[in-house]
Amino acid sequence: MSIFPRFAPRLQEAIVSRLGFISLRPVQDLAGEAILDGKNAVVLAPTAGGKTEASIFPILSGLVTDPVIGVGAIYIAPIKALLNNQSHRLDEYTEMVGLRRFVWHGDTQGNERTKFLNEPAELLMTTPESLEVMLVSKRVDEQLLFGEVRYVIIDEVHAIAGSDRGAHLMSVLERIAKHSRHDLQRIGLSATVGNPEKILEWLRGNSDREGVVVDPAKVPARRQLQIVCRPDLPSIASEASRKARGSKSLFFCQSRAMSEAVAEQLRRNGTEVYVHHSAVSKEERQHAEEQFHNGSDACIVCTSTLELGIDVGDLDYVLQSEAPDSVSSFMQRMGRTGRRGDILANTTFYCETSEGILQAIAIIELAKSGWVESVQLNDRCWPVLIHQLLAMSLSTSGLRPEDAWNHLSSLPDFSGVEREEFDRLVAWMIEDGSMIISSGLLILGPTAERQFGRRNFMELFAVFSSPQSYAVTTVSGQPVGSLTQDYVDRLVEDISSFLLGGRPWSVHQINHDERSITVLPSPMGSQPSWGGFLPQFLSYELCQKILEVLTSDEDYAYLEYESRDALQKKRVFFSDFLDFESGGIEGDENELRWWTFAGGRINSTLKYAIEFAEQNWSVVSDNYSIKVRGSTLTEARLGIAINKISRTDFWNDDGFNAYILAAIPNYRLTKFQPLMPDWVRREVLQQNLLDLNGANEFASYHHRNFPSA
């Protein structure tokens with residue numbers, strides 16, 4: 001039975017007369033029932049599957065039936081671009097029932113914020129960081145603004161759950177909940193997540209409401225998939241241009257450098273191209289979205305910036321350079337197509353490497369089986385715990401340690417931290433000067449003020465780092481984008497050139513004081529080195545599927561001739577030593593490679609374990625294998641080492657744990673790392689880079705495959 005009759009009459013009339021709906025989708029009926037019944041909910045539906053309406057219609061009905069003074073509902077998106085994109089739709093939905101919406105993020109003008117604070121709209125659209133700004137700002141009366149909040153919608157909830165931003169959001173929501181006279185009803189929206197029940201439990205926080213996962217039966221979608229292998233980028237661009245001609249397409253790339261190179265090659269082939277990634281200026285990104293939305297013969301070359309639900313209209317094709325790192329990303333990207341009845345959901349992979357082909361096959365096959373990654377939740381989120389101690393003390397002009405503990409320990413992201421550990425951290429921060437204790441209150445100390453005090457503590461409002469960047473503009477003042485300082489340091493005025501926004505530019509002037517670069521159009525461009533410093537880990541499940549593909553003889557209909565030939569050559573190469581159950585060993589005297597296909601984090605952990613077991617060997621790991629070198633190395637000796645690390649007592653050895661913590665590279669994972677005691681910093685590095693339990697289990701299972709075992 002449809003939930004439609006339970007909606008407020010004003011909303012019913014607007015849905016029919018203004019929107020022209022003749023019925024609701026199953027996800028909208030099920031979500032509407034759950035929300036009207038007062039339950040927390042995680043709502044699952046494919047991209048463009050009606051999730052926004054599923055959440056907002058019952059909320060609007062509640063706000064119309066029982067009006068509020070101030071904000072009644074908060075819609076939270078992980079990125080500003082999604083907020084801006086959804087603002088037009090939610091403006092129409094609120095306006096049609098006599099309500100209002102307001103968008104508050106970093107680009108919202110001060111006078112507009114003042115008007116909103118004086119006369120709040122019923123629906124506030126914002127980001128987690130902007131909510132923190134409101135709580136810290138002396139201009140905001142939290143009780144007046146949030147006293148009537150009843151509902152919270154978190155869009156693309158899978159993108160922030162389990163992350164520092166998710167932990168930050170949960171803390172901020174609970175701080176807001178203390179100002180509201182209602183038990184905040186939480187609704188998370190997602191297209192792809194493997195463990196929605198766990199997300200629902202996380203989302204609940206301190207709410208006493210019942211919860212439900214809204215996951216209607218999926219209608220099997222018709223898909224058109226192809227994996228194309230070409231020897232170089234010009235060949236890929238030429239073929240992609242022919243496919244994209246006369247249509248609208250998105251071309252996803254795994255890096256900003258690749259997106260710039262692809263865009264330049266497509267332009268050379270006569271394709272109208274827009275570039276969309278985080279280093280392109282806001283104006284350029286908005287122009288790309290608007291022009292593309294209204295056009296009919298264009299391609300946006302992008303990174304994951306267009307993965308999170310931003311609507312750029314009906315698409316004909318999704319193109320992909322190599323393969324994404326997860327099934328979730330693939331599903332999000334492919335879901336951009338197939339919205340019109342005459343267009344199948346489709347993705348074409350363009351691969352230069354056999355590794356890209358294997359990864360694309362594995363991702364497709366996992367998706368066909370219905371598998372998608374689970375969000376890994378973390379109950380010891382140290383960076384955000386430190387951030388919230390600083391932010392809460394700033395917002396309250398002093399914070400009692402007991403009050404901080406009572407708040408933070410009640411949240412799922414910190415529930416694994418013991419009181420003794422919390423007290424130890426606070427004592428260290430006081431000793432380090434990050435905080436000061438005065439009259440029993442924690443306040444910001446000189447170390448934290450030096451680190452985050454610039455521009456009225458703006459850098460403290462977000463849990464992620466804001467890297468130093470240089471604004472790039474033309475000589476006429478037109479914004480082009482930005483470059484990171486490490487890249488700018490290698491540029492020379494009137495000599496250097498680079499690609500940005502898909503176009504080549506020559507450096508005219510560099511102003512280090514103002515962090516700006518003035519450029520001129522250049523006929524030639526060289527590719528900037530955007531890449532990050534962290535290893536790109538693939539999951540255990542994805543790598544195991546690649547192993548299965550290599551050790552099977554299954555043909556895949558979506559492979560064209562060259563990609564099928566590349567797969568066959570890989571299978572032949574591995575056929576002498578690779579087995580699906582045990583992986584394989586190959587190599588010669590003094591150098592062996594153990595093909596585990598265990599994923600980056602497990603292999604990285606096994607690397608350190610083997611190094612500790614045989615300290616004269618050199619060990620290097622990647623997502624698929626572990627390469628070992630040493631003058632005493634034989635397959636039998638390697639088997640002895642694997643047998644040694646397969647025992648549980650090895651992983652509990654204090655000496656090994658001290659070695660592995662000391663050996664982890666000191667990557668800069670969070671801007672709060674300088675404020676961490678060594679024992680916290682090492683744990684955070686271990687959380688992100690290692691998988692001790694997974695490595696222990698893997699070694700225990702596979703040690704029997706070695707000659708010595």
Side-chain angles (χ1 to χ4, degrees), residues 222-277 288 292 295-304 306-307 312 314-325 329-330 333-338 342-365 367 499 501-504 525 527 549 555-570:
R222 295 187 303 152
R223 300 168 178 169
Q224 188 172 45
L225 301 167
Q226 188 175 34
I227 299 177
V228 175
C229 179
R230 293 294 179 266
D232 51 40
L233 186 55
S235 302
I236 288 175
S238 176
E239 184 150 337
S241 291
R242 288 196 298 271
K243 189 178 189 71
R245 191 168 295 130
S247 62
K248 293 173 66 174
S249 57
L250 291 181
F251 201 133
F252 284 97
C253 299
Q254 292 305 101
S255 70
R256 291 177 287 186
M258 179 58 73
S259 67
E260 294 288 351
V262 166
E264 184 183 41
Q265 291 290 337
L266 289 174
R267 279 203 181 94
R268 290 180 179 179
N269 283 274
T271 302
E272 184 180 5
V273 176
Y274 303 97
V275 179
H276 198 289
H277 61 64
F292 185 85
S296 60
D297 184 5
C299 178
I300 291 185
V301 182
C302 55
T303 56
S304 58
L306 281 179
E307 191 176 295
V312 290
D314 293 327
L315 290 175
D316 298 295
Y317 300 110
V318 165
L319 314 175
Q320 171 72 52
S321 170
E322 298 296 337
D325 293 337
S329 286
F330 164 62
R333 296 173 184 190
M334 184 177 63
R336 295 307 201 144
T337 61
D342 59 332
I343 298 295
L344 298 179
N346 70 81
T347 299
T348 299
F349 297 84
Y350 290 102
C351 302
E352 295 181 60
T353 66
S354 54
E355 289 78 10
I357 294 168
L358 288 167
Q359 192 168 320
I361 295 171
I363 284 174
I364 290 172
E365 293 303 305
L499 290 172
R503 297 178 175 85
Q527 182 171 307
V549 169
D555 189 22
Y556 305 99
Y558 44 77
L559 296 177
E560 49 79 79
Y561 173 78
E562 287 84 353
S563 53
R564 182 174 283 105
D565 183 60
L567 170 61
Q568 186 57 32
K569 289 178 179 177
K570 275 291 185 182

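- Taking E322 as the reference, nothing meets the salt bridge (Lys or Arg N to Asp or Glu O under 4.0 Å) condition, with sequence neighbours excluded.
- To the nearest 0.5 Å, atoms CZ (F252) and SG (C302) are separated by 4.0 Å.
- In terms of heavy-atom proximity, M334 sits nearest to L225 at SD-CD2, 3.7 Å.
- Counting only heavy atoms from C-beta outward, the side chains of C351 and I227 approach each other to under 4.5 Å.
- Y556 places none of its side-chain heavy atoms less than 4.5 Å from the side chain of I364.
- Nearest heavy atoms, N269 versus Q265: ND2-O, 2.8 Å.
- Side-chain contact annotation: S238 with R242, donor-acceptor N/O pair under 3.5 Å present.
- Atom CG of L559 is separated from atom CD of Q568 by 11.0 Å, given to the nearest 0.5 angstrom.
- Applying the salt bridge (Lys or Arg N to Asp or Glu O under 4.0 Å) criterion to E352, with sequence neighbours excluded, gives no partner residue.
- The two residues A360 and A323 make their nearest non-hydrogen contact at N-CB, 3.7 Å.
- Contact detail for D325 and Q359: the closest heavy-atom pair is OD1-NE2, 3.6 Å.
- For E239 and K243, the salt-bridge test fails: no basic side-chain N is under 4.0 Å from an acidic carboxylate O.
- Of the inter-residue distances, the one linking L319 atom CG with L250 atom CG reads 8.0 Å to the nearest 0.5 angstrom.
- For Q224, the CD atom is loosely surrounded, since the number of other residues' heavy atoms within 6.0 Å does not exceed 12.
- Here the CZ atom belonging to F349 is positioned 11.5 Å from the OG atom belonging to S563, to the nearest 0.5 angstrom.
- R267 approaches V273 most closely through the heavy-atom pair NH2-O, 3.0 Å.
- D316 and N346 get closest at one heavy-atom pair: O-ND2, 2.7 Å.
- For the atom pair CZ of F251 and CG of L266, the computed distance is 6.5 Å after rounding to the nearest 0.5 Å.
- To the nearest 0.5 Å, atom NZ of residue K569 and atom CD1 of residue I357 are 10.0 Å apart.
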